[in-house]
Amino acid sequence: MDKVSEKWMACYRQVREKTDFRPKVAIVLGSGLGDYASQIQVEQELPYGQIEGFPVSTVPGHDGKFLFGYLDGIPVVCMKGRVHYYEGYDVTDVVLPVRVMKLLGAGILLLTNAAGGVNPSFQAGDLMLIKDHVSLFVPNPLIGPNPESLGVRFPDMSAVYDGKLQDKIRQAATEQGIDLKEGVYTQLTGPSFETPAEIRLLRQLGSDAVGMSTVVEAIAANHMGMRVCGISCISNLAAGMTKRPLSHEEVQLAADLAAPRFTRLVTESVKKFV
Ligand code: HPA
């Protein structure tokens, strides 16, 4: 087995030693969903730091642990905190947690994040269903030996975000009276925010939102045959779209303000997934 596969198998085995929980749905909680634990009946928590070799976040507000529990009877695993490529981790480490959650049993992955709005019709606080992504600016997480037991060398990416799951999220939004935007998410490496010229370029490329996560995780999950979906919280309009400079604090504050709606949408969507 190659070194990357050995690493995630070793992490998986350590998690398995600590829990026999078998999640159906995996949820990656982005900014603003930090208090999501209150939505689930938590059976067990596992701080990432207790898993040797597991990537641990260095960003304030991104402290990390797995939460295993039930959402309306559905077994879920939530990632409270994720690592980002800009922290210096290899991209294969960035997607390692998603690999582990699949090995634990999760067949569905819901990715969430805070993102900058690139589409001029968006406002801070909007929620956006991710319909597709642009991954061209970050390294592909599948570079390296291909773990044939998990997926093929050249995986199709023509429908990364599962159409049926998208419909369920739309339905949940309608039922909850939540205005849901839709669009294409582009991942950049960060950690610097973009320049206004870069945002104009992204708009020309067809991006509606920009952020520093999610896409590499979606690629790895799709490669492993997971059904993937994603929701962005538009925490700010991207660089150059307002007169104000961007800051991490603004992103966090806006994400926190949108949290009650975001939480409701995630919960009501997941209830429809299984
Ligand atoms: N750019 C990149 N990542 C982000 C932004 C942004 O404007 N907002 C939240 N994450």
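Numbering of ligands and ligand atoms starts at 1, following listing order. All residue numbers in this chain count up from 1 along the given sequence.
His133 and Tyr161 are linked by a side-chain donor-acceptor pair at a separation below 3.5 angstrom, with hydrogens and angles left out of the test. A side-chain donor-acceptor contact under 3.5 Å links Arg99 and His223. Neither side chain, Ser192 nor Tyr86, offers a donor N or O lying under 3.5 Å from an acceptor on the other. A donor and an acceptor atom, one from each side chain of Arg200 and Gln204, are nowhere located under 3.5 Å apart.
Under 4.0 Å is where a charged nitrogen must lie from a carboxylate oxygen, and between Asp93 and Lys7 at least one such pair does.
Ring-centre distance between Tyr85 and Phe137: not below the 6.0 Å cut-off.
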Give every pair made of an N or O atom of ligand 1 and a protein N or O atom lying under 3.5 Å apart, one pair per line with both atom names and the distance to 0.1 Å, or write 'none'.
unit_1   : atom_1 : unit_2 : atom_2 : d
ligand 1 : 1 (N)  : Glu194 : OE1    : 2.8
ligand 1 : 1 (N)  : Glu194 : OE2    : 3.3
ligand 1 : 7 (O)  : Asn236 : ND2    : 2.9
ligand 1 : 8 (N)  : Gly116 : N      : 3.3
ligand 1 : 8 (N)  : Asn236 : OD1    : 2.7
ligand 1 : 10 (N) : Ala114 : O      : 3.4

